[in-house]
Peer 1: 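This is the structure I have questions about; it appears just below.
Predicted model only: the values in this text are computed from it and were never measured. Residue indices begin at 1 and follow the sequence shown.
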Amino acid sequence: MLRFVVTDTDGKEHILTRPLRLTVRMDEGIPADDLYAVFVYKRLGELTLLRLYDDDTLLFVGDVDEQEEELSERGRYLKISARSLASRLLDNEAAPQIYDHPDAALIFRRHVGNYGIRWQSGEDATYYGELPVTKGMSQWAVVKNFCNACFSSSPRVTADGLLRMKDYVDHRKVMFSDTGEGIGYTQLRVSKKRCEELSRINIKISDDDGYRYRMDHTDALARGIRRERYLNAVLESTPMTCADTMLQRADSKSFGIRLHCPGRLLDMMGRSASVQNQTLGAFDDLYISAVRYSLDDTGEASTLLLKRRKNRCGSQDM
C-alpha cells in the first residue's frame, strides 16, 4: 500500500494514504524527480518534506514545492507538488571560485553535503585539471561539471537521496514480454533515430598535428551514417575520454523503447532490462532510463523508457 509521510514546519509528521490522483516522474536526463498528489482534504500545517513508501520501500523523498487547499462545490482537496532532493542543488547558487585538481570528496563536502544528500565515498577520485565555478552556477552545475570532467558521466540523486557521481549499473534484471513471461505490457513503441548517431570523432591531441586522430563508430559507418564531430583534446576541459562519451551518448539517443504497462513499476529506474515481442523479436542489453507512474480513478499505469546499455562504437585511427 502507498503511504505518504509528510513533515510540517514544526517537525511533526503526518500520514496520508489513498490519493485520488498521483503522478511520479523520473528521468535520467532531468536532475530532479517530481511528484504530484491529490488527496481528500485534511487540515495540515505548512508542509516541508514528503516521503513516499510502498509498504516499507522508500520510493521518493523530496521537498514540498507547492501546497494547495481547494474548498469548493466540486469538493475539498489537498494538493501537493514535490521534487526530489536534487532540487536543493538546482535551487542554490555556488560561490564563484576556481578549483585546482579537486577530488570528489571535496566537491561533495562543499557543494552537496550540507543539503541532506548522502554519497558513496568509494566513488572518490581526483580531476587533474582546473574546474572553474562562475557566477550564477548552481550547486548542481558544479557537481555535473566535475563528474563530466573526472568520470565522463552524469550525476544522479536516487529516489532515496543518494548521490551517484559515476554511471551506475543496476544488475537487477527485468524482462518485459507479450508471451505471458515476465512483466506484460499493453503498448510497445520502438524508435530508431539515425539522425542522432555519430559516425566519427576527429580529435586533436597536439597543437602541431591538427585533428589527425579519429575515433570511428564502426556500426554507424557500416550502415551508411555520416555525421562527424571535432574534439580538441589539448584542452583540459575536453580530454580524450570525451570522444568515447560523445559516441556513447549519441548512440543512446538513437534507439529507444517505450512501454506502457498496467500497474505500479516505481522501483524500476536504472534496472537492466530485456524485451520480448512475438512480432518484432527480442531486444537485450537495455536499461530503464525513465519512469512515469500515474494513478487516478481509472487505475494505475506505468510508462517506461528503455535505452541501450552498451554502445556499438569501434575503431580508433591516426
Side-chain angles (χ1 to χ4, degrees), residues 26-33 84-86 88-90 92 94 97-115 117-134 137-172 198 201 203-205 213 215 217 229 231-253 269-272 285-290 307-314 316:
M26 306 174 179
D27 191 316
E28 67 173 3
I30 301 174
D33 304 335
S84 64
L85 298 185
R88 299 176 179 180
L89 306 183
L90 291 167
N92 284 279
Q97 57 197 292
I98 296 178
Y99 288 110
D100 185 21
H101 294 186
D103 60 27
L106 176 65
I107 296 299
F108 175 80
R109 186 170 65 252
R110 291 192 177 179
H111 299 279
V112 183
N114 292 330
Y115 296 99
I117 297 171
R118 298 173 292 114
W119 176 59
Q120 288 184 320
S121 58
E123 291 186 333
D124 200 7
T126 299
Y127 170 55
Y128 294 100
E130 284 191 350
L131 186 73
V133 180
T134 58
M137 285 180 64
S138 67
Q139 304 284 30
W140 178 262
V142 177
V143 176
K144 181 179 180 181
N145 288 352
F146 173 81
C147 292
N148 184 59
C150 189
F151 303 120
S152 294
S153 67
S154 296
R156 175 78 184 165
V157 177
T158 63
D160 59 353
L162 176 69
L163 172 66
R164 297 191 185 279
M165 290 189 172
K166 297 180 181 178
D167 288 332
Y168 173 71
V169 178
D170 189 337
H171 294 288
R172 294 176 298 170
L198 296 179
I201 307 294
I203 307 168
K204 180 195 287 189
I205 59 176
Y213 191 85
M215 182 174 289
H217 189 315
R229 295 292 185 267
L231 175 74
N232 186 354
V234 178
L235 302 176
E236 288 184 343
S237 59
T238 54
M240 276 283 292
T241 54
C242 288
D244 189 57
T245 301
M246 290 168 66
L247 290 178
Q248 289 187 40
R249 289 178 179 172
D251 194 59
S252 177
K253 291 179 181 179
M269 189 68 180
R271 289 198 189 186
S272 299
D285 294 325
L286 306 173
Y287 73 98
I288 300 170
S289 67
K307 293 183 178 180
R308 287 193 183 102
R309 174 69 77 187
K310 301 176 182 177
N311 69 79
R312 301 162 295 162
C313 309
Q316 302 174 358

Peer 1: So, for Ser252 and Tyr287, which heavy atoms are closest and what is the spacing to 0.1 Å?
Peer 2: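 In this case the closest contact between Ser252 and Tyr287 is OG-OH, 4.0 Å.
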Peer 1: Give the minimum heavy-atom separation between Ile117 and Gly161, together with the two atoms involved.
Peer 2: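 Heavy atoms only, the tightest pair is CG2-O, 3.6 Å.
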Peer 1: Is Tyr127 close to Phe151 at the side-chain level, that is, under 4.5 Å between some pair of heavy atoms?
Peer 2: no
Peer 1: If you measure from CG on Leu286 to NZ on Lys307, what distance do you get to the nearest 0.5 Å?
Peer 2: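 If I round to the nearest 0.5 Å, the distance is 12.0 Å.
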Peer 1: Side chain of Asp124, backbone of Ala104: donor and acceptor closer than 3.5 Å?
Peer 2: yes
Peer 1: Using 0.5 Å steps for rounding, measure from the CZ atom of Arg271 to the CG atom of Asp170.
Peer 2: 6.5 Å
Peer 1: Ignoring hydrogens and angles, tell me if any N or O in the side chain of Asp251 forms a donor-acceptor pair with the backbone of Leu247 under 3.5 Å.
Peer 2: no
Peer 1: Using side-chain hydrogen bond (donor to acceptor under 3.5 Å, both in side chains) as the criterion, list what pairs up with Tyr115, not counting sequence neighbours.
Peer 2: Gln139
Peer 1: Other residues, nucleotides and ligands only: do more than 12 of their heavy atoms fall within 6.0 Å of NZ on Lys144?
Peer 2: no
Peer 1: Donor-acceptor pair, distance only, cut-off 3.5 Å: does the side chain of Ser153 make one with the backbone of Met165?
Peer 2: yes
Peer 1: Answer yes or no: is there a side-chain heavy-atom contact under 4.5 Å between Ser154 and Glu28?
Peer 2: no
Peer 1: Kindly determine whether Arg110 and Val142 satisfy side-chain contact (heavy atoms from CB on, under 4.5 Å), including the steps that lead there.
Peer 2: CA-CA 10 Å; Arg110 291 192 177 179; Val142 177; over 6 Å; no
Peer 1: Can you confirm whether Tyr213 sits close enough to Leu231 that some side-chain heavy atom of one is under 4.5 Å from a side-chain heavy atom of the other?
Peer 2: no
Peer 1: How close do Trp119 and Leu163 get, heavy atom to heavy atom, and via which atoms?
Peer 2: CD1-O, 3.6 Å
Peer 1: Would you name the heavy atoms of Leu131 and Pro102 that are closest together and state the gap between them?
Peer 2: CB-CG, 4.1 Å
Peer 1: Return the CE to CG distance between Met137 and Asn92, rounded to the nearest 0.5 Å.
Peer 2: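 These two atoms lie 14.0 Å from each other.
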Peer 1: How close do Leu90 and Ser138 get, heavy atom to heavy atom, and via which atoms?
Peer 2: O-CB, 3.7 Å
Peer 1: Enter the distance from Phe146:CZ to Asp103:CG here, rounded to the nearest 0.5 Å.
Peer 2: 6.5 Å
Peer 1: Should the heavy atoms of other residues, nucleotides or ligands under 6.0 Å from NZ of Lys253 be counted, would the total exceed 12?
Peer 2: no
Peer 1: Using side-chain heavy atoms (C-beta onward) and a distance below 4.5 Å, is Val112 in contact with Ile107?
Peer 2: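 Not in contact.
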Peer 1: Does anything in residues 152-162 pair up under salt bridge (charged side-chain N to carboxylate O under 4.0 Å, His left out), and if so which pairs, sequence neighbours excluded?
Peer 2: Asp33-Arg156, Arg118-Asp160
Peer 1: Are Met269 and Thr158 packed together at the side-chain level, in the sense that at least one heavy-atom pair is separated by less than 4.5 angstrom?
Peer 2: no
Peer 1: Applying the side-chain contact (heavy atoms from CB on, under 4.5 Å) test to Leu198, which of His217, Met215, Arg229 qualifies?
Peer 2: Arg229
Peer 1: So which atom in Glu130 and which in Asp100 form the shortest heavy-atom distance, rounded to 0.1 Å?
Peer 2: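 Looking at all heavy atoms of both residues, the shortest contact is CG-OD1, 4.2 Å.
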Peer 1: CH2/Trp140 to CG/Asn145 distance, rounded to the nearest 0.5 angstrom?
Peer 2: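 One finds 11.0 Å between CH2 of Trp140 and CG of Asn145.
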Peer 1: Measure the CZ-SG distance between Arg164 and Cys147 for me, rounded to the nearest 0.5 Å.
Peer 2: 12.5 Å
